[in-house]
Asker: 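Please see the structure below; I have some questions.
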Number of protein chains: 4
Amino acid sequence: MARSLTAVPSEDESAPRPRGEKRERILEASIQVFARKGFHRARVSDIAAEAEIAYGLVYHYFKNKDEILATIFEERWSGFLDAIEAIGRGPGTVRNQLVSIATLILNAFRLRPEWVKVLVLEIQRSSRFAEPAQQQAVARLFEAFERIVRGGQERGELRPDFDARVGAALFLGAIDLVITSLVLKVGEIPEEDQAQRAYYLDVAQQIVDIFLNGTTGADGTA
Amino acid sequence: MARSLTAVPSEDESAPRPRGEKRERILEASIQVFARKGFHRARVSDIAAEAEIAYGLVYHYFKNKDEILATIFEERWSGFLDAIEAIGRGPGTVRNQLVSIATLILNAFRLRPEWVKVLVLEIQRSSRFAEPAQQQAVARLFEAFERIVRGGQERGELRPDFDARVGAALFLGAIDLVITSLVLKVGEIPEEDQAQRAYYLDVAQQIVDIFLNGTTGADGTA
Amino acid sequence: MARSLTAVPSEDESAPRPRGEKRERILEASIQVFARKGFHRARVSDIAAEAEIAYGLVYHYFKNKDEILATIFEERWSGFLDAIEAIGRGPGTVRNQLVSIATLILNAFRLRPEWVKVLVLEIQRSSRFAEPAQQQAVARLFEAFERIVRGGQERGELRPDFDARVGAALFLGAIDLVITSLVLKVGEIPEEDQAQRAYYLDVAQQIVDIFLNGTTGADGTA
Amino acid sequence: MARSLTAVPSEDESAPRPRGEKRERILEASIQVFARKGFHRARVSDIAAEAEIAYGLVYHYFKNKDEILATIFEERWSGFLDAIEAIGRGPGTVRNQLVSIATLILNAFRLRPEWVKVLVLEIQRSSRFAEPAQQQAVARLFEAFERIVRGGQERGELRPDFDARVGAALFLGAIDLVITSLVLKVGEIPEEDQAQRAYYLDVAQQIVDIFLNGTTGADGTA
DNA sequence: CATGAATGAGGCTTCATTCAT
DNA sequence: AATGAATGAAGCCTCATTCAT
């Protein structure tokens with residue numbers, strides 16, 4: 001249903017428009033505009049202009065502006081969550097799972113920074129976020145993560161004497177803040193595609209490395 | 001001028017009002033309202049009602065609504081930053097410094113959750129945040145943190161083979177997300193004061209512990 | 001062309017749809033919706049939904065929403081007026097004519113309250129009502145009535161020393177307000193059909209009785 | 001509280017504006033505009049222009065456009081009703097009471113036709129009219145009238161063998177329709193003030209006369 | 001300093017109408 | 001004839017800001 005965060009849709013959409021194509025255009029345009037100006041500063045007319053459709057058509061597909069944001073959340077976030085939960089259910093060591101997830105998230109940001117900005121920054125500010133459904137959706141991310149960590153503890157890959165919840169928060173928080181600092185452009189990211197890809201992979205590995213091995217070295221300098 | 005995030009202001013503000021007392025009331029009320037409704041949803045009249053003053057008076061003390069947020073940021077954030085930089089310049093091992101900082105931040109949230117919500121969630125969404133002055137203020141936090149980490153690396157307390165910037169992001173991100181999850185009430189926090197204090201200290205120590213020692217144990221299971 | 005207000009249309013409209021059947025459905029649906037929500041609050045889409053057709057189709061049969069109301073007025077009102085004028089031209093004492101008319105009107109309301117509501121309440125509020133054609137149509141009702149009253153005066157059935165126009169207004173106004181009070185459900189109307197019919201006939205006769213004999217009695221107490 | 005329908009306020013409102021004067025201006029302007037264009041066609045900007053105030057001030061005094069109409073009803077209608085109930089409670093024969101009331105209503109229309117138009121035509125079309133409070137207010141008029149009629153029956157001034165409710169509806173309906181036909185300018189009304197006053201008095205007396213004596217003459221021609 | 005009435009631009013939303021299929 | 005997607009003008013309402021007192 002939702003485009004995966006991991007797949008980049010082809011942009012060569014020309015001649016014969018498929019069903020529901022305008023709706024999709026509105027969602028995509030909304031993400032762009034929300035990411036650029038923030039939800040509250042984004043006017044519906046901005047969205048319509050970005051989507052190159054008439055003003056009123058937005059209201060043909062969505063009840064109001066709030067519902068656009070909620071829809072983005074529901075359709076995009078769930079795809080994102082599904083991918084993470086799939087990794088968690090899959091094989092591989094915790095290290096591999098964590099690297100996969102970190103890479104997934106950072107790559108999503110690399111390819112669709114606006115999606116991530118909106119999901120991370122806008123949604124939690126929206127009034128709809130107070131709704132149980134959305135709170136629960138975020139909780140699902142935490143839980144998926146806790147499950148991965150706890151799985152590692154049970155299989156002996158991770159030491160058992162730390163709180164899986166704190167561990168999950170630490171890992172996700174690291175990725176979150178890295179993304180935030182990237183959004184804020186604190187630090188410089190390579191422009192060129194290959195270099196950028198390598199950069200993000202390196203960051204992902206470092207996060208996992210610190211998460212697994214700590215910062216004091218295997219020989220325990222501290 | 002600014003109340004420190006680390007000190008709890010006395011609440012016995014009664015009888016003869018000092019100079020600038022109304023101004024302070026407006027700032028404090030703004031924090032409460034911004035935290036509750038978000039900056040954009042907060043009306044000037046809400047702030048005035050919270051501060052129990054006429055809303056025209058807000059414009060005696062501040063040029064406009066944006067300036068209130070900017071002022072909050074400048075006065076509150078700088079106090080916060082000073083405290084962290086002081087810890088960084090002070091003595092003690094990296095471990096102690098990190099525990100101090102984590103405790104500082106978590107305690108600030110414990111005592112003044114609205115302050116932290118506003119500083120973390122609202123300010124980066126405001127248009128003013130695009131201003132160099134504020135971007136720089138955030139950068140200062142990262143730099144203060146990098147300095148601490150790098151100092152630890154130079155003194156041999158931390159291993160030298162990880163990027164201090166990633167390390168800083170990981171640590172701060174962990175704290176940030178723990179706070180966010182607390183905001184979202186994912187997980188239950190003790191109600192009673194002593195237990196709450198203990199809970200936050202425990203969380204701070206676990207974060208530091210994972211940051212320093214990793215999650216795989218001294219015997220390197222992974 | 002127009003259904004008469006006095007005849008109840010058969011409801012067994014099924015299988016093979018005749019020409020103009022959709023047009024009629026739209027008119028009937030419009031009356032229902034206008035009566036329920038008022039002309040301005042009624043959306044074209046409401047009408048289409050009530051008629052169970054696509055709302056674009058409305059514009060095949062009518063130029064715009066105003067024209068629907070105008071058509072209702074022209075087709076329904078004229079049938080109504082014809083019936084009244086026929087009674088006026090017919091034989092019988094004034095008393096019989098008045099009872100016939102009062103019964104006609106009250107029965108119309110009994111059987112098709114929505115029609116009457118729309119004719120009475122909506123049409124005079126619409127901008128189209130300002131048009132001479134419609135003003136004239138209402139004038140025709142007054143004139144038809146004045147003619148009946150004046151005829152009674154000429155034949156000596158009614159005393160000659162009152163203004164026929166005021167008399168007409170009094171009689172019609174009485175019926176109008178009785179209807180309005182019925183609309184407002186001030187007073188209780190029998191549910192069962194026979195009782196309801198009897199109730200309305202009784203009301204009609206009382207109106208005529210007061211109109212003819214006054215309220216002070218034959219012995220002239222006042 | 002409400003200006004009486006029977007008293008014409010002085011229009012020489014100049015220099016120092018009293019409290020609540022703007023609110024009153026908005027109400028009066030609304031009546032003018034509602035009477036001229038109808039409630040739905042009346043724009044809030046029309047009201048503001050008519051009242052010569054800024055757009056937004058309307059919302060300082062009223063929650064929305066609906067509330068303006070409801071306020072008009074509550075404040076104007078109650079004054080009107082009080083006057084009628086006072087006449088009913090007062091001394092005098094039924095004839096005198098009825099003439100007083102008919103004159104009151106017709107004079108109100110003569111002096112403030114817009115008030116009457118709005119009270120009679122607009123209010124019953126508004127969505128708020130469905131509210132019990134307003135239905136009840138209308139019911140009060142009917143009841144006040146029934147009480148007068150029934151009082152006349154009990155004192156032997158009116159014959160007892162007709163339904164007071166029908167009698168009330170007949171009398172009020174006559175006045176209502178006379179007003180409506182005046183609104184619609186069916187028939188010509190004298191322009192000059194004295195002649196106009198005499199004309200309305202004459203109409204009032206004729207209505208009462210027919211109501212009391214009927215249209216068949218004391219000697220029973222019919 | 002303090003008040004809150006007054007202002008008016010901005011933006012969301014509705015919905016009659018058109019148009020491509 | 002029939003559909004309903006698409007259009008965009010119109011109008012209500014909000015609320016930051018100004019101003020007279």
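Note on naming: letters A, B, ... go to the chains in the order of the sequence lines (proteins, then strands), and numbering restarts at 1 for each one.
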Asker: Could you give the CG-to-P distance, from D:Asn64 to E:dT13, as a whole number of Å?
Answerer: 17 Å
Asker: Minimum heavy-atom separation for B:Arg41 to B:Asp46, with atom names?
Answerer: O-OD2, 4.1 Å
Asker: What is the distance from CZ of C:Arg25 to P of F:dA1, rounded to the nearest Å?
Answerer: 15 Å
Asker: Distance check, rounded to the nearest 0.5 Å: A:Glu24 atom CD versus A:Glu28 atom CD?
Answerer: 7.5 Å
Asker: Whole angstroms only, please: what is the CG-P distance between B:Asp46 and F:dA16?
Answerer: 8 Å
Asker: Whole Å only: how far is the CD atom of D:Glu67 from the P atom of F:dC13?
Answerer: 10 Å
Asker: So which atom in B:Leu57 and which in B:Ile26 form the shortest heavy-atom distance, rounded to 0.1 Å?
Answerer: O-CD1, 4.4 Å
Asker: Once you apply the 3.5 Å cut-off to both distances, tell me the Watson-Crick or G-U wobble partner of F:dA10, or none.
Answerer: E:dT13
Asker: Can you tell me how far P of F:dC15 sits from NZ of D:Lys63, to the nearest Å?
Answerer: 14 Å
Asker: A:Ile47 has an atom CD1; how far is it from atom P of E:dG11, in whole Å?
Answerer: 13 Å
Asker: For F:dT14, does OP1 or OP2 lie under 4.0 Å from any side-chain N or O of D:Tyr59?
Answerer: no
Asker: If you restrict it to nitrogen or oxygen atoms, what contacts under 3.5 Å exist between nucleotides 7-10 of chain F and the protein, and what is each distance?
Answerer:
unit_1: F:dT7; atom_1: OP2; unit_2: A:Ala54; atom_2: N; d: 2.8
unit_1: F:dG8; atom_1: N7; unit_2: A:Gly56; atom_2: N; d: 3.1

Asker: Between the side chains of C:His60 and C:Arg23, does any donor sit under 3.5 Å from an acceptor?
Answerer: no
Asker: Kindly give the heavy-atom pair with the smallest separation between C:Ala29 and C:Glu50, and that separation in Å.
Answerer: CB-CG, 3.5 Å
Asker: For C:Glu122 versus C:Gly38, what's the shortest heavy-atom pair and its separation?
Answerer: OE2-CA, 3.4 Å
Asker: Near DNA chain E, which residues from residues 29-40 of chain A have a heavy atom under 4.0 Å away?
Answerer: none
Asker: Under 4.0 Å between a side-chain N or O of C:Tyr61 and OP1 or OP2 of F:dA2?
Answerer: yes
Asker: Search all heavy atoms of A:Ala35 against all heavy atoms of A:Glu114 and return the closest pair with its distance.
Answerer: CB-CB, 3.5 Å
Asker: Relative to the ring of A:His40, is the ring of B:His40 parallel (under 30°), tilted (30 to 60°) or perpendicular (over 60°)?
Answerer: parallel
Asker: Could you please name the option among F:dT18, F:dC12, E:dA16 that lies closest to any side-chain atom of D:Lys65?
Answerer: F:dC12
Asker: On DNA chain E, nearest-nucleotide positions of C:Arg41 versus A:Val44: which is more 5'?
Answerer: A:Val44
Asker: With sugar-phosphate meaning primed atoms plus P, OP1 and OP2, does A:Ala48 contact a base, only sugar-phosphate, or nothing at under 4.0 Å between heavy atoms?
Answerer: nothing
Asker: Roughly how far, to the nearest 0.5 Å, is the OH atom of D:Tyr59 from the CD1 atom of D:Ile68?
Answerer: 7.0 Å
Asker: Determine which nucleotide pairs with F:dT21, using a 3.5 Å limit on both distances of a Watson-Crick or G-U wobble pair.
Answerer: E:dA2
